[in-house]
Amino acid sequence: MGGLPLSQIKLPQIRLLSSKKEQFPIGIDIGSHAIKVCQVAKSGDNFRIVSLGTAKLPDGAVEDGILQEPEEVARTITTLLKNLKLKEKSVAISISGYSVIVKKINLSVMAEKDLDDYIQAEVGQYIPFDIEDVYLDYQDLHTNTADYDRTDVMLVAAKREVVDGYLSMLQSAGLKVVIVDIGAFALENIYDTNYSLEENVVLVDIGATKMSINIVSQGISVLARDVVVGSRQLTDQIQNRFGITTEEAEGLKMGYEPVEEKQKDLDEIFASTCTQWALELKKAIDLYYTNNPDMALNKIILSGGGSRIQGLDQFFAEEIGLEVETLNPFRKIQTDNKNIDKEYLDYIGPEIAIALGLAIRPSEL
């Protein structure tokens with residue numbers, strides 16, 4: 001399977017013991033709006049969905065990727081797993097937001113031990129956190145050639161306080177975290193599983209308060225960042241403009257409610273907010289082309305609950321000038337339509353993508 005080996009961050013508390021038995025934990029994507037859960041099993045060389053589902057979180061329980069009300073989050077997860085009748089205790093989670101730094105640096109080619117010593121000694125110049133306050137991982141991407149003796153190295157630093165908060169919260173729910181991933185890399189993992197790696201793509205996951213961008217070129221993540229914008233912006237603006245409930249605003253945003261005389265105001269809200277999203281995407285794409293001028297991008301792949309916003313795909317295509325499609329995380333993964341309604345799968349697919357990308361990450365237990 002393709003993707004960045006870095007995606008299984010080896011944090012000290014959850015370093016895995018070597019074993020011959022490969023298992024798949026429950027993937028849990030903890031967003032600011034909802035919990036998304038997915039469990040898979042191996043069926044020959046393919047994956048099969050065992051169960052999946054979502055549950056809404058209380059407002060403010062998670063903000064900017066940081067737990068604000070861990071007891072409420074733990075209670076929501078426990079209830080969701082119980083409702084789905086999932087008994088597995090090993091879980092994979094992702095972290096994102098301001099507490100995570102993902103940075104690609106270019107270094108002279110070194111032996112593995114020398115590279116490790118260099119990173120430990122010099123990482124402070126690359127990340128804005130105190131090195132004592134973070135968990136650190138890195139991966140040599142081996143981009144050197146016979147004529148070029150430098151290589152790209154991907155660094156990930158995650159604040160200990162934030163990660164430990166998630167580990168403690170999940171432990172209180174009776175769960176064991178075996179993998180800590182980065183949301184953008186979990187998204188890349190499910191993309192790699194379902195699509196051709198010959199295309200250079202921009203993976204964009206739009207959540208309630210965060211947009212994750214991961215540019216994958218020649219099968220390798222070359223740029224990953226989170227931007228603090230999301231579909232809740234639209235909901236709040238619609239609600240404030242018309243003085244309606246959150247549920248009614250969500251309906252207008254997604255095209256479920258009749259628009260009638262509100263169309264002009266809605267168009268203005270969508271244009272201003274989604275233009276901001278497009279500008280953030282353009283910044284990432286421009287940076288990509290600065291470093292990779294000869295590797296054209298083929299398309300944008302949308303996921304996340306925000307990807308269901310009516311007309312967003314067409315808007316991005318027009319503003320950015322790239323083909324846009326919505327990620328189908330079940331493209332090469334077996335689903336049982338007898339036990340899981342196909343219409344529900346079609347609806348939940350973009351939103352469940354990160355949880356599924358976590359669930360197919362094997363761990364040795």
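Predicted model only: the values in this text are computed from it and were never measured.
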Under 4.0 Å between a side-chain nitrogen and a carboxylate oxygen: does that hold for [X] and [Y]?
| X | Y | answer |
| --- | --- | --- |
| K36 | E351 | no |
| R241 | D265 | yes |
| K159 | D133 | no |

Side-chain donor-acceptor pair under 3.5 Å between [X] and [Y], yes or no?
| X | Y | answer |
| --- | --- | --- |
| N144 | D149 | no |
| E319 | W277 | no |
| E280 | Q276 | no |
| R150 | S108 | yes |
| Q237 | T273 | yes |
| T235 | E250 | yes |

Does F24 have R361 sitting over its ring (NZ/CZ under 6.0 Å from centre, angle to axis within 45°)?
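The answer is no; the distance or angle limit is not met.
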Measure the CG-CG distance between D226 and N214 for me, rounded to the nearest 0.5 Å.
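Here the rounded value is 10.0 Å.
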Using modelled atom types and a 3.5 Å cut-off, is there a donor and acceptor pairing between side-chain atoms of D64 and backbone atoms of G97?
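Answer holds: no.
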If we check side-chain contact (heavy atoms from CB on, under 4.5 Å) with D205, which of these qualifies: S96, S212, S307?
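The residue from S96, S212, S307 that satisfies side-chain contact (heavy atoms from CB on, under 4.5 Å) with D205 turns out to be S212.
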